[in-house]
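The chains referred to below are lettered A, B, ... by the order of the sequence lines, with proteins before strands, and numbering in each begins at 1.
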There are 2 protein chains.
Amino acid sequence: MYSQAEENYLKAIYTLEKEKIGFISTNNIAKKMQTKASSVTDMLKKLDAKKLVVYERYKGAYLTVDGAKEALKVIRKHRLWELFLVKKLKFKWDKVHDIAEQLEHIQSEELINSLDAFLGFPKTDPHGDPIPDRNGTVVHEKGLSMLKMKVGQSGILKGVRDSSKAFLQYLDKKNLSLGDKIKVVDIEPYDESIHIETKTHRLSVSKHVANNLFLQPKKK
Amino acid sequence: MYSQAEENYLKAIYTLEKEKIGFISTNNIAKKMQTKASSVTDMLKKLDAKKLVVYERYKGAYLTVDGAKEALKVIRKHRLWELFLVKKLKFKWDKVHDIAEQLEHIQSEELINSLDAFLGFPKTDPHGDPIPDRNGTVVHEKGLSMLKMKVGQSGILKGVRDSSKAFLQYLDKKNLSLGDKIKVVDIEPYDESIHIETKTHRLSVSKHVANNLFLQPKKK
DNA sequence: TTTAATTTTTAGGTTTGTCTAAAAATATAT
DNA sequence: ATATATTTTTAGACAAACCTAAAAATTAAA
Ligand SMILES: [Mn+2]
Ligand SMILES: [Mn+2]
Ligand SMILES: [Mn+2]
Ligand SMILES: [Mn+2]
C-alpha cells in the first residue's frame with residue numbers, strides 16, 4: 001500500500017517515460033508535479049529504497065517493473081473513474097480529471113474491478129486514452145496524429161494528446177467529439193493549418209491543434 | 001476544506017453526541033477513533049481554534065453549528081457511497097463501510113450531488129440510516145427498537161443500530177433483511193429473548209440482538 | 001579549457017498527525 | 001477528608017511530505 005504522494009510520483013514518471021526513454025530528470029518530475037526539485041530528490045530516494053524506481057545521483061530515475069505496475073494500477077483507476085463520471089453521472093469530459101485525481105487513490109481491488117464490470121469493461125476513457133485491464137495490460141493504439149494525414153484522407157476521431165481543460169473546451173466550441181468522422185479536405189501550405197470536414201460542418205484547425213488529435217484512418 | 005483527520009474527528013464526535021448530550025470526553029473520542037487521548041487533545045484544540053467544536057480543558061468538547069454541518073456533509077457522502085456500492089456495484093451490505101470510509105473524503109460538491117441524483121435522491125443507506133440532503137437536513141426516524149415491541153405486534157425491519165460486519169453477517173445467516181415484515185410471537189420471560197416470525201420462517205433472537213433492530217410498527 | 005550557467009543535492013526547517021512518558025487535574029473510595 | 005485511582009494534559013519525539021537557501025556537480029559557453 002503506497003501513499004498518495006508516492007502514487008502521484010509513480011504516475012508522473014510513467015507518463016514522462018512515454019515521452020522520453022531513459023532516466024527522467026529531477027527537474028522534469030518537479031515540473032510535472034508542481035513541486036520543488038529538492039522534494040523530488042527526497043522522494044526518489046524513498047522510491048528507490050522501495051525498489052519502485054532506479055535512482056542515480058545527478059542522473060534522475062526510471063521505473064522498475066514493480067514501479068510501472070503500480071503506476072498502471074493508478075492510471076487504471078483514474079481512467080475508470082473518469083469514464084464513470086462521464087457515462088453514469090453525466091459530467092462533461094473537461095470536468096472529470098480533477099475529481100479522478102482524488103478517486104484514483106481509493107484503495108480497493110474489489111471496488112475497482114466492480115466498477116470496471118459496471119461500466120462493461122471499457123477499453124478507453126473519455127479522452128480516448130486506453131484503460132489498463134486488471135492485469136495491467138494496456139493497448140496503446142490511440143490512432144494517428146492528424147498531422148500525419150494526407151489531403152483527401154478521412155478517419156474517426158479517437159483521442160486527444162492534450163487533455164487540458166482548455167483544449168477540451170476548444171474542441172467543444174468547435175463541435176468536435178470523439179467518434180466523429182473527419183476528412184482532411186485541404187492543407188494550407190503557408191502555416192500548415194488544416195481544413196477539415198465533419199458530417200455537419202467544415203472548419204480549419206491550426207497545426208498545433210492537429211498535432212493534438214488522434215484519428216483512426218479509414219481504410220478504403 | 002478540512003483534512004481527512006479533521007473530518008473523521010467531527011464525524012466521531014457527531015455520532016457520540018447522538019448517544020450522549022453535553023461534552024464528549026477525550027477518552028471517549030480516543031476510543032472511537034482508535035487513537036490515544038493525547039492525540040485527541042491536540043486535535044480538539046485545533047478544531048476549537050477553527051470554531052468547529054467548543055473545547056474546555058478537562059471537560060471535553062461538543063460540536064458547534066458549523067462543526068455539526070461539516071460532520072453531516074461527511075456522513076451524507078459516506079451513506080450515499082455505501083448505497084452506490086450496494087445498489088449499483090452489487091456489494092453486500094457488510095462490505096461497504098470500509099470503502100465508504102475512504103470515499104467519504106472525496107472533495108467535490110458536484111460529484112456528491114450528481115451521485116445523489118444518480119441514485120434517485122435516496123432517503124436511507126443500506127443499513128437503514130437516513131441520508132442527509134444537500135442542505136444537511138436529516139430525518140431520524142429509524143423506527144422503534146424491537147425491544148419495545150409487544151407480543152403480537154408486527155412491523156417492517158427498517159434499520160440496524162449496530163452495523164458492524166459481525167452483526168450484519170449474523171442477520172444474513174438468519175435470513176433477516178431490511179424491508180422484511182416481522183411479527184413478535186412470544187417473549188421468553190427467563191432471558192427476554194424474542195421469538196419472531198417472518199413471511200418465510202420463525203426464529204428466536206436474544207435481547208441483545210433485538211435491541212439492535214429497528215422496526216416500523218404496523219398500525220392496524 | 002577555463003569560466004559561467006544550470007541542475008541537482010544537501011542541510012536545516014515547517015506542518016500535520018501521531019506516539020510515549022510524565023505531570024496535573026478530577027473523580028472515587030475509604 | 002484524605003488517599004487512591006482514573007482521566008486528561010503537557011512535554012518531547014517521530015515520520016511524511018513539503019519548503020528555502022546554500023553547496024556541489026554537471027553541462028554549456030567563451
Ligand atoms: Mn485525467
Ligand atoms: Mn493523484
Ligand atoms: Mn458505514
Ligand atoms: Mn451505513
In this structure, how many angstroms lie between the P atom of dT16(C) and the CG atom of Leu44(B), rounded? 16 Å
Check the distance between dT7(C)'s P and Glu56(A)'s CD and give it to me in whole angstrom. 20 Å
Between dT16(C) atom P and His105(B) atom NE2, what is the distance in whole Å? 18 Å
Nearest 0.5 Å please: distance from the CD atom of Glu192(A) over to the NZ atom of Lys207(A). 4.0 Å
Is any side-chain nitrogen or oxygen of Asn27(A) closer than 4.0 Å to OP1 or OP2 of dT6(C)? no
Would you kindly give the CZ-to-C1' distance between Phe23(B) and dT8(D), to the nearest whole Å? 14 Å
For Lys165(B), check salt bridge (Lys or Arg N to Asp or Glu O under 4.0 Å) against everything at least two apart and list the hits. Asp98(B)
Check every atom of dT9(C), dT18(C), dT26(C) against the side chain of Tyr58(B) and return the nucleotide holding the closest atom. dT26(C)
Taking only side-chain nitrogens and oxygens of Arg57(A), does any of them come within less than 4.0 Å of OP1 or OP2 of dT10(C)? yes
Lys59(A) has an atom NZ; how far is it from atom C1' of dT9(C), in whole Å? 16 Å
Neighbours of DNA chain D within residues 31-42 of chain A, by heavy-atom distance under 4.0 Å: Thr35(A), Lys36(A), Ser38(A), Ser39(A), Asp42(A)
Given dT7(C), is OP1 or OP2 found less than 4.0 Å from the side-chain N or O atoms of Ser25(A)? no
Whole-Å distance between dT18(C) P and Gln4(B) CD? 11 Å
Face-on cation placement of Lys50(A) at Tyr2(A) ring, 6.0 Å and 45° thresholds: no
Asn28(A) CG - dT26(D) C1' separation (whole Å): 16 Å
Do you know which of Lys123(B), Lys77(B), Arg76(B), Arg79(B) makes salt bridge (charged side-chain N to carboxylate O under 4.0 Å, His left out) with Asp116(B)? Arg76(B)
Could you tell me which residues satisfy side chain to side chain donor-acceptor pair (under 3.5 Å) with Asp42(B), sequence neighbours excluded, listed by chain and number? none
Between Tyr55(B) and dT9(D), is there a contact of a side-chain N or O with OP1 or OP2 at under 4.0 Å? yes
Quick check for you: to the nearest 0.5 Å, what is the distance between Ser177(B) atom OG and Trp93(B) atom CH2? 6.5 Å
Could you tell me how far apart Lys45(B) (NZ) and dT10(D) (P) are, to the nearest whole angstrom? 4 Å
Can you find a side chain N or O atom of Tyr9(B) that sits less than 4.0 Å from OP1 or OP2 on dT16(C)? no
What distance do Met33(B) atom CE and Lys31(B) atom NZ have between them, rounded to the nearest 0.5 Å? 15.5 Å
